[in-house]
Amino acid sequence: MTFKSIRGTKDILPSETPRWQYVESVVRTVFHRFNYKEIRTPVFEQTSLFARSIGELTDIVGKEMYTFTDRSDDSLTLKPEGTASVIRAFIQNNLGESQPLVKVYYLSPMFRQERPQAGRLRQFHQFGAEAIGSSFAETDAEVIAMAIEIYRQFSIVNCELKINSVGCEKCRPLYKKTLQTELRKIALQLSPDSQRRIEENPMRVLDSKNENDIRLTASMPLITDHLCEECSSHFEKVKSLLTSFHISYIVDGRLVRGLDYYTKTAFELTSNELGSQDALAGGGRYDLLTQELGGKPTPGIGFAAGIERLMMIIEKKKLLNDLDIHPTIFLAAADTTSRAWTLEKTIALRTQGIAAEADFLNRSLKAQMREADRQNAAFVLVVGAEELNKQTAVLKNLRVKEEREIPLAALAKILTE
RNA sequence: GUGGCCAUAGUUCAGUUGGUUAGAAUGCCAGGUUGUGGCCCUGGAUGUCGUGGGUUCGAGUCCCACUGGCCACCCCA
């Protein structure tokens, strides 16, 4: 084989696209119900947009971005996540000037150069939403409820919602210092990654999956015990709202997400149906991001979810297997003289809004019947010279295996009933 | 980026201690029914055995490298 798709990229084939389209339509429906409107941003941006927003020291920026220089020597990057682009568009188009709260959603491919494995691709797809302009806990709860509602639409209700508060510019630096001094005491016993993070991003050390690290840091102070008054009451409000929405959650004081811009609420939705890459969706509040990117200080919160991972669960649970696109009628020609008529009629039916198909490969009647069956057509119309003379045809219902002779003039009417 | 396993018809896979023209199932095509699908029967077509090198009289089989896939680490959607 001479040409192959790039490592970590996948073709979504005709056998799968009906399921994708259906999932996308459900996602859109829920977003619309929550009054979020779609935004479409370019797939690539200036590299510095991501470096600035996601954080220079994060794994995403440090080693996973698809970055290249174009012919004008500008450094561009295929977007590794959605929020940065949305906030850039929000600022650039002054979206905040026409209303205090902007609620948008997106469905888009994302790109990260990681080693592919189950549930992880280099080009993958996310849907996500951003509510820009509200600092209130009510919006945090709305966004979380919306994410959960999408999964509920697919009867996925056993996933786990983990939430945390990562503090703000007032309380987080103090906590970081406290944690850092504690971590330095045991630094040499920690994994190399964690040792590096003590200085770069100490909170990530607590989020390590290394068993030894977990044991050593078991009694470390948690951010949830060091929040300032404002962050603490915000967190309490989010939790009580979730409870009032009948959404169960577990507080995970060690949850730190891989993007530096989060403040206060951070959350993650995981599923045990997925294997090692078990995060279905993640998100959080980013009250400082808009000003960091040069806009007016505007609080915001959002989430993003992986479509392939949702798809994995849908496939595993054998949901949505009966979606398919099929012709209502297949026009089969019994002899060569009637073949031209079937083609003409097929085109005519299509213009009348009926999904029709015919044989364009000059096949035998038997082969045409097989084709109609393979295409899962509801009806077959068999016509030959004799029928055309009488202006009739044999209409066969493939589902109930019955056939009858009908006048050609009545065909469209019968099919649209 | 690191590691383990893997790579043979369209697909899923078999292929003996290295030995002649590389198989099965399924799918595809055709016929059985010269105007009728699904089930059944009969027949047919299809492989650079991932790529490149090496060992050997001889390699799908052994060795090396590369590429790709799967899974895990890491990280995350």
Side-chain angles (χ1 to χ4, degrees), chain A residues 1-10 13 15 54 58-64 79-83 107-128 147 159 191-194 196-197 201 204 207-211 213 255-259 268-271 274-283 303-313 330 332-338 359 361 363-387 393-403 405:
Chain A
M1 197 162 315
T2 41
F3 291 108
K4 285 199 282 192
S5 63
I6 304 298
R7 173 167 222 201
T9 68
K10 257 199 174 127
L13 300 172
S15 56
I54 299 168
T58 59
D59 286 336
I60 293 178
V61 174
K63 52 186 193 191
E64 295 171 4
K79 59 183 170 185
E81 62 102 37
T83 304
L107 288 111
S108 168
M110 302 292 172
F111 306 84
R112 292 184 202 170
Q113 188 166 357
E114 298 181 88
R115 188 101 160 212
Q117 74 178 80
R120 191 166 75 186
L121 292 167
R122 290 182 169 189
Q123 174 174 342
F124 59 102
H125 298 80
Q126 289 187 333
F127 58 82
C159 42
S191 65
D193 274 333
S194 289
R196 183 170 44 80
R197 290 190 179 120
N201 190 351
R204 287 291 307 282
D207 206 17
S208 169
K209 274 87 188 172
N210 181 298
E211 280 182 32
D213 289 356
L255 176 71
V256 185
R257 315 225 51 266
L259 305 108
E268 202 168 273
L269 217 53
T270 58
S271 166
L274 280 181
S276 151
Q277 305 300 313
D278 66 349
L280 269 180
F303 82 97
I307 300 182
E308 282 85 356
R309 292 187 187 174
L310 169 57
M311 225 48 102
M312 284 168 75
I313 297 181
F330 190 103
D335 49 53
T336 46
T337 53
S338 47
D359 175 46
L361 300 177
R363 284 174 286 186
S364 67
L365 181 61
K366 178 177 178 144
Q368 292 179 66
M369 292 299 295
R370 242 201 313 268
E371 188 61 30
D373 186 55
R374 183 183 5 237
Q375 298 295 335
N376 199 17
F379 296 93
V380 172
L381 190 77
V382 182
V383 287
E386 230 175 276
E387 285 88 349
V394 174
L395 182 68
K396 181 165 185 171
N397 183 326
L398 291 186
R399 307 273 195 270
V400 298
K401 303 166 192 180
E402 268 175 9
E403 59 180 54
E405 193 156 343

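Residue numbering restarts at 1 for every chain, and letters A, B, ... go by the order of the sequence lines.
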If you assign each of A:E387 and A:R363 to its closest nucleotide in RNA chain B, which residue comes earlier from the 5' end?
A:R363
Indicate yes or no: does A:R197 engage A:D59 in a salt bridge with an N to O separation below 4.0 Å.
yes
From C-beta outward on A:K401, which listed nucleotide comes closest to its side chain: B:rC28, B:rC76, B:rG37?
B:rG37
Looking for any heavy atom pair under 4.0 Å, which part of the strands does A:A372 touch: base, sugar-phosphate only, or nothing?
nothing
Which part of the nucleic acid, if any, lies within contact of A:L259, taking any heavy atom under 4.0 Å across all strands shown: a base, the sugar-phosphate backbone alone, or nothing?
sugar-phosphate
NA contact type, A:G128, heavy-atom cut-off 4.0 Å: base, sugar-phosphate, or nothing?
nothing
Under 4.0 Å between any heavy atoms, over every strand shown, what does A:R122 touch: base, sugar-phosphate, or nothing? Just pick one.
nothing
Does A:D278 reach a base, just sugar-phosphate, or nothing at all? Heavy atoms under 4.0 Å.
base
Suppose you measure atom P in B:rG32 against the same atom in B:rG37; what distance do you get, rounded to whole Å?
11 Å
Within the 4.0 Å heavy-atom criterion, would you say A:R112 contacts the bases, only the backbone, or no part of the nucleic acid?
base
Is the closest basic N to carboxylate O distance between A:D193 and A:R196 below 4.0 Å?
yes
Consider the side chain of A:D59, meaning its heavy atoms from C-beta on, and name the nucleotide among B:rC75, B:rC76, B:rG37 that approaches it most closely.
B:rC75
Whole angstroms only, please: what is the CG-C1' distance between A:L398 and B:rU36?
10 Å
So what does A:L280 touch, heavy atoms closer than 4.0 Å: a base, only the sugar-phosphate, or nothing?
sugar-phosphate
Select base, sugar-phosphate, or nothing to describe what A:R196 touches, counting heavy atoms under 4.0 Å on all strands.
nothing
Heavy atoms only, 4.0 Å cut-off, all strands: where does A:R7 land among base, sugar-phosphate and nothing?
sugar-phosphate
So what does A:E81 touch, heavy atoms closer than 4.0 Å: a base, only the sugar-phosphate, or nothing?
nothing
With a 4.0 Å cut-off on heavy atoms, is A:G62 in touch with a base, just the backbone sugar-phosphate, or nothing at all?
nothing
Answer yes or no: does a side-chain N or O of A:R204 lie under 4.0 Å from OP1 or OP2 of B:rC76?
yes
Polar side-chain contact A:D373-B:rG37 base: donor and acceptor under 3.5 Å
yes
With the 90 degree cut-off around zero defining syn, does B:rG38 come out syn or anti?
syn
Reading 5' to 3' and counting Watson-Crick or G-U wobble pairs with both distances under 3.5 Å, write the dot-bracket notation for RNA chain B, | for bases paired outside the strand.
(((((((..((((.....[...)))).(((((.......))))).....(((((..]....))))))))))))....
Of A:E64 and A:K10, the one whose closest RNA chain B nucleotide lies more 5'
A:K10
Please classify the nucleic acid contact of A:A367 as base, sugar-phosphate, or nothing, using heavy-atom distances under 4.0 Å.
sugar-phosphate
Using a heavy-atom cut-off of under 4.0 Å over every strand shown, decide if A:R115 touches base, sugar-phosphate, or nothing.
base
Pair of N/O donor and acceptor under 3.5 Å linking B:rC74 base with A:R120 side chain:
yes
